[in-house]
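Single-structure report; data block below.
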Amino acid sequence: MTTLKESQTIQTARSLRNLYFLRASFSIIWVILVSLLAKNNPGIATFLFIIYPAWDAAATFLDIKANPPATSKTPQYINATISIITTIAVILALQKGIPGAFIVFGVWAILSGLIQLILGVHRRKQLGGQWPMIVSGGQSVLAGAAFINMAHAPNAGITTLAGYAAFGAFYFILAALRLSKTIKAAQVVA
């Protein structure tokens with residue numbers, strides 16, 4: 001018979017696994033759209049620049065929903081707030097040009113990376129196998145600093161961000177696969 005804790009762990013792991021696959025799918029589609037359409041169409045590039053942090057806010061609310069009621073969701077609420085503010089800041093920055101949007105995007109990548117790192121370390125205790133999220137959070141911090149540094153580079157454009165999103169998709173897939181192992185292990189114990 002499964003205990004409540006084991007049942008909660010399985011449910012949380014399943015919900016997060018599904019969310020991670022969804023986030024990976026979004027990032028892959030975003031990278032494809034950036035690669036195929038953004039370079040030649042400023043309107044699409046602007047939309048894609050804005051939608052990325054907006055999607056992160058929506059995905060963070062799905063992450064909040066995936067966790068058990070007793071779990072602290074403060075980091076996710078902070079991340080959702082940062083992503084909403086970032087979406088608005090990117091809209092405003094794009095009116096002045098790409099460099100400002102890159103700086104905003106960089107600051108967001110640093111802050112959201114730190115939160116992802118913290119959540120990965122915290123979730124590792126309950127779910128195990130969070131190393132892809134921990135590595136991804138650390139890499140996001142470094143990428144954010146790079147975005148800020150290259151904001152005024154002549155070739156800086158949304159296509160520069162495609163690698164960031166592609167690595168994010170890769171780490172979400174790894175984390176989802178790792179959670180599948182957690183689910184199987186918890187079911188065996190149950």
Side-chain angles (χ1 to χ4, degrees), residues 1-35 47-84 86-87 105 108-109 111-141 143 161-190:
M1 215 170 168
T2 61
T3 67
L4 180 60
K5 184 178 179 182
E6 289 166 341
S7 178
Q8 230 174 24
T9 298
I10 292 169
Q11 181 59 35
T12 300
R14 279 186 182 143
S15 295
L16 288 174
R17 179 188 61 189
N18 294 341
L19 176 60
Y20 290 171
F21 278 132
L22 179 62
R23 290 188 72 141
S25 298
F26 174 87
S27 293
I28 291 166
I29 292 167
W30 190 87
V31 168
I32 291 168
L33 291 174
V34 165
S35 300
F47 172 76
L48 291 170
F49 230 125
I50 295 165
I51 197 71
Y52 200 86
W55 162 248
D56 188 70
T60 301
F61 284 112
L62 294 173
D63 189 297
I64 290 167
K65 188 177 174 185
N67 284 276
T71 303
S72 172
K73 296 165 188 76
T74 302
Q76 290 101 317
Y77 282 115
I78 292 169
N79 190 56
T81 302
I82 290 169
S83 293
I84 291 167
T86 298
T87 302
F105 207 94
W108 170 68
L111 295 174
S112 64
L114 286 171
I115 292 168
Q116 186 176 10
L117 188 86
I118 291 165
L119 277 173
V121 169
H122 176 73
R123 284 180 174 160
R124 189 183 71 167
K125 295 172 188 173
Q126 177 194 11
L127 301 171
Q130 289 293 298
W131 66 266
M133 293 293 92
I134 293 168
V135 172
S136 178
Q139 189 172 357
S140 185
V141 170
L161 303 176
Y164 172 75
F167 270 108
F170 172 73
Y171 287 123
F172 277 120
I173 290 169
L174 286 179
L177 294 173
R178 182 56 188 95
L179 284 173
S180 293
K181 289 182 180 182
T182 300
I183 293 165
K184 286 179 186 172
Q187 288 173 335
V188 168
V189 171

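This is a predicted model, so every value here is computed, not measured.
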Worksheet item: Given L177 and F21, is the side-chain contact (heavy atoms from CB on, under 4.5 Å) satisfied, shown in steps?
Response: CA-CA 9 Å; L177 294 173; F21 278 132; 4.0 Å; yes
Discussion item. Nearest 0.5 angstrom please: Q11 CD to Q8 CD, how far?
Written reply: 9.5 Å
Worksheet entry | Nearest heavy atoms of S112 and S140, plus distance in Å | OG-OG, 4.2 Å
Worksheet item: What is the distance from atom OG1 of T12 to atom CG of L19, rounded to the nearest 0.5 Å?
Response: 12.0 Å
Worksheet item: Is there a side-chain contact (heavy atoms from CB on, under 4.5 Å) between R23 and W55 once you walk through the steps?
Response: CA-CA 9 Å; R23 290 188 72 141; W55 162 248; 4.1 Å; yes
Worksheet item: At their closest point, which heavy atom of A57 faces which heavy atom of I84, and how far apart are they?
Response: CB-CG1, 3.8 Å
Fill in: Residues that T86 engages under side chain to side chain donor-acceptor pair (under 3.5 Å), provided they are two or more places apart
none
Item to complete: Sequence neighbours left out, what passes side chain to side chain donor-acceptor pair (under 3.5 Å) with T60? Give chain and number order.
Response: N79
Worksheet, complete the sentence: Separation between CZ (F172) and CZ (F26), nearest 0.5 Å, reads 11.0 Å
Enumerate donor-acceptor pairs with a distance under 3.5 Å from any side-chain N or O in residues 114-123 to protein atoms, sequence neighbours excluded.
from	atom 1	to	atom 2	distance (Å)
Q116	NE2	S136	OG	3.4
R123	NH1	Y20	OH	3.2
R123	NH1	D63	OD2	3.2
R123	NH2	D63	OD1	2.3
R123	NH2	D63	OD2	3.2

Worksheet item: Closest heavy-atom contact between P53 and W108?
Response: CA-CZ2, 4.0 Å
Worksheet, complete the sentence: Hits for side-chain contact (heavy atoms from CB on, under 4.5 Å) against I50, two or more places apart or cross-chain, chain-then-number order -> T46, T87, V90, I91, L94
Worksheet entry | With sequence neighbours excluded, residues passing salt bridge (Lys or Arg N to Asp or Glu O under 4.0 Å) with R17 | none
Worksheet item: Taking all atoms of both residues into account, what is the closest heavy-atom pair of G113 and V141, and its distance?
Response: C-CG2, 3.9 Å
Item to complete: Examine distances only and state if a side-chain atom of W30 and a backbone atom of L48 form a donor-acceptor pair shorter than 3.5 Å.
Response: yes
Practice prompt. Measure across L179 and A13 and return the closest heavy-atom pair with its distance rounded to 0.1 Å.
Written response: CD1-O, 3.8 Å
Discussion item. Restricting to side-chain contact (heavy atoms from CB on, under 4.5 Å), what partner residues turn up for I28, sequence neighbours left out?
Written reply: I32, A169, I173
Worksheet item: How are the rings of F105 and Y164 set to each other: parallel, tilted or perpendicular (split at 30° and 60°)?
Response: perpendicular
Response to the item:
The reported gap from CG in D56 to CZ in F61 (rounded to nearest 0.5 angstrom) is 10.5 Å
Worksheet item: What distance do I78 atom CD1 and Q76 atom CD have between them, rounded to the nearest 0.5 Å?
Response: 9.5 Å
Fill in: Derivation and outcome, side-chain contact (heavy atoms from CB on, under 4.5 Å), residues N18 and L22
CA-CA 6 Å; N18 294 341; L22 179 62; over 6 Å; no
